[in-house]
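Here the structure is a predicted model, which is why all the values come from computation and not from measurement.
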Amino acid sequence: MGTEHPRPTSTDTPPARRTGFWRRCRKMPIGVQSIIAVGLGALIGSLAPSAGEQMKILGELFLNLVQVVVLPLVFPLIVLGIARMESVKKVGRIAGKAILYFEIVTTVILLIAVGLAKFTGIGKGAPVQGADAKDLDGMSQGIDFHELVLHAFPKNIFAAFGEGNLLGAITFALLVGVAMAAIGEKSEPFAAVLESVASVMFKVVGYVIRIAPLGVLGFISYDVAHYGFGNLRSLLGFIAVVYAGLAIVIGVLFPLIAAVYRIRYVELMKSIAGLAGIAFVTRSSESVLAPLMGRLEAFGLSRSTTSFVVPLGYSFNTDGSVLYQAAALVFLANAYGADTSLPALLLMVGVLVILSKGMAGVASASIVVLIAAGNSIGLPAEGIALLLGVDFIVDMARTGVNVIGNSLAAAVVDSSEKRREAKHGADDLPRTPAETEATAFQKEPAQ
């Protein structure tokens, strides 16, 4: 009898318990898993730096998986969004609104950053003499606007896809969408294919986002192990000003904009908070581009507006990055005793307004723009090299704000379009000849 019903030994239960533990972990929200990954990553990077540096491969793997899906998803969404607009005129109107919004908001943010940096006097007495310009050898020393324009109009769209050229893909998608709208029903088979591709890519993005905590673990482990916290003491003032400026942007400026356009800002923040957190840790806004458009759609924004404005904003609306760049230039000007009068500060703002456009959505892209801006106003590269030691700390915050800023931009443009449609909806509909004559007849007495 005893052999028929053996008592379970101590080694029989742990597998079931382990299975239950991992099941509970998988059921946790992605945000909670990412927070746990941050803590583990910081612990690994501090206690075992060599192992922490090796774990960077987890973060790079996550980013590669995300980036491989970005263009196959963004391209069909932009094409379909434009093809289903009522007219080419609407495409131009949305593009014009988006670019005007980008310019106004980024300029206001630059003025906030310059004013805050000037008021606090950051950079005075900073140890710029200890910086090493060799740290910048692997980075571009300027921005070639000729190359930027050619990137927007690639000669080979397949090469552009292979290079991850988002701006070129947007331009080509714009042309294809306009052409589909022009030929009408003949484009329906192609539209059905693009719709299917977009659906499949959304599903793939869902799979990839599930491993986001592993990417977070890899990046945090590497950052803590590689950079450490040695430069924090001398640059704490700079970090504090940048974070304070970003807090003003998302806590004051963005809510004011949302109130003007009657956007539910708190609800918007809740819907994208998890994705902004992933962008914060991975330091790449592209890592959440695809799921961000899905979240905004679920929030209530139209697909045609979201799929056009958000990718465009990744090149022209980097709110967090421009604030960092402005604060960094004032920091360096104070450190080197350069001119920080009002005309000089306005010159900095003007230079950054121009150079910040076309910035890639990749980690530390702000440093490239900062180098170009520093060169244009005569600041040595050595000082910029000093900021590299804390770049990963401020880069996380500015990248997260970039995601929030682009989400708000899409909501603003969408709200503006809905208001217009509500006000002029009847006038925008195509009219029959009889309706046109009736309208003209009704207006004759007034004339």
Side-chain angles (χ1 to χ4, degrees), residues 31 34-35 38 98 101-117 119-120 122 238-289 291-293 295-296 299-301 306 309-310 312-314 316-328 330 349 352-353 356 359 361 363 365-366 390-415:
S34 298
I35 292 173
V38 168
Y101 174 87
F102 297 159
E103 291 295 336
I104 293 175
V105 172
T106 52
T107 301
V108 172
I109 290 174
L110 283 170
L111 293 174
I112 291 173
V114 167
L116 189 61
F119 175 76
T120 55
I122 57 170
F238 171 72
I239 297 171
V241 167
V242 172
Y243 271 76
L246 294 175
I248 291 172
V249 168
I250 63 175
V252 179
L253 178 62
F254 285 173
L256 286 176
I257 296 172
V260 171
Y261 286 90
R262 299 177 184 176
I263 297 167
R264 307 186 311 276
Y265 182 69
V266 175
E267 286 79 1
L268 176 65
M269 289 288 288
K270 288 180 180 177
S271 66
I272 64 170
L275 298 180
I278 292 174
F280 178 91
V281 176
T282 61
R283 298 191 292 137
S284 174
S285 52
E286 280 191 357
S287 65
V288 297
L289 173 56
L292 179 64
M293 291 189 290
R295 292 282 181 89
L296 293 177
F299 179 71
L301 307 189
T306 300
V309 175
V310 174
L312 190 65
Y314 269 54
F316 295 99
N317 187 45
T318 51
D319 296 331
S321 298
V322 295
L323 185 141
Y324 160 78
Q325 292 153 14
V330 176
V349 171
L352 287 175
V353 165
S356 62
M359 186 190 307
S366 293
V390 295
D391 182 64
F392 81 99
I393 297 175
V394 291
D395 194 17
M396 293 190 294
R398 68 186 180 227
T399 304
V401 173
N402 287 345
V403 171
I404 298 171
N406 280 314
S407 302
L408 181 61
V412 166
V413 175
D414 188 71
S415 174

If you compare all heavy atoms of [X] against all heavy atoms of [Y], which two are closest, and at what distance to 0.1 Å?
{"X": "Tyr265", "Y": "Pro255", "value": "CE2-CG, 3.6 Å"}
{"X": "Ala98", "Y": "Leu312", "value": "CB-CD2, 4.3 Å"}
{"X": "Leu116", "Y": "Val241", "value": "CD2-O, 3.6 Å"}
{"X": "Ala113", "Y": "Ala327", "value": "CB-N, 4.3 Å"}
{"X": "Val394", "Y": "Tyr324", "value": "CG2-CE1, 3.5 Å"}
{"X": "Gly300", "Y": "Asp414", "value": "O-OD2, 4.2 Å"}

Could you measure the distance from the [atom1] atom of [X] to the [atom2] atom of [Y]? Nearest 0.5 Å is fine.
{"X": "Thr106", "Y": "Gln325", "atom1": "OG1", "atom2": "CD", "result": "10.5 Å"}
{"X": "Phe280", "Y": "Asp395", "atom1": "CZ", "atom2": "CG", "result": "10.0 Å"}
{"X": "Ile109", "Y": "Ile248", "atom1": "CD1", "atom2": "CD1", "result": "11.5 Å"}
{"X": "Asn406", "Y": "Asn317", "atom1": "CG", "atom2": "CG", "result": "4.5 Å"}
{"X": "Arg398", "Y": "Thr318", "atom1": "CZ", "atom2": "OG1", "result": "10.0 Å"}
{"X": "Leu253", "Y": "Ile112", "atom1": "CG", "atom2": "CD1", "result": "5.0 Å"}

Could you walk me through whether Leu323 and Val249 pass the side-chain contact (heavy atoms from CB on, under 4.5 Å) test, one step at a time? CA-CA 9 Å; Leu323 185 141; Val249 168; 3.6 Å; yes
Using side-chain contact (heavy atoms from CB on, under 4.5 Å), reason through Val330 and Phe238 one step at a time and then give a plain yes or no. CA-CA 10 Å; Val330 176; Phe238 171 72; over 6 Å; no
Residues that [X] engages under side chain to side chain contact (heavy atoms under 4.5 Å, CB included), provided they are two or more places apart:
{"X": "Val281", "value": "Val38, Val216, Ile220"}
{"X": "Ala410", "value": "Leu296, Leu301, Val309, Val310"}
{"X": "Ala279", "value": "Val288, Thr399, Val403"}
{"X": "Tyr101", "value": "Val105, Ile257, Leu408, Ala409, Val412"}

Is a side-chain N or O of Thr107 found less than 3.5 angstrom from the main chain of Glu103, in a donor-acceptor match? yes
So does Ile272 get a backbone contact from the side chain of Arg295, meaning a donor-acceptor N/O pair under 3.5 Å? no
Those residues that, when tested against Asp319, pass salt bridge (charged side-chain N to carboxylate O under 4.0 Å, His left out) (two or more places apart): none
Counting only heavy atoms from other residues, nucleotides and ligands, does the tally under 6.0 Å from OH of Tyr261 exceed 12? no
Applying the side chain to side chain donor-acceptor pair (under 3.5 Å) test to Asn402, which of Ser407, Ser321, Ser285 qualifies? Ser321
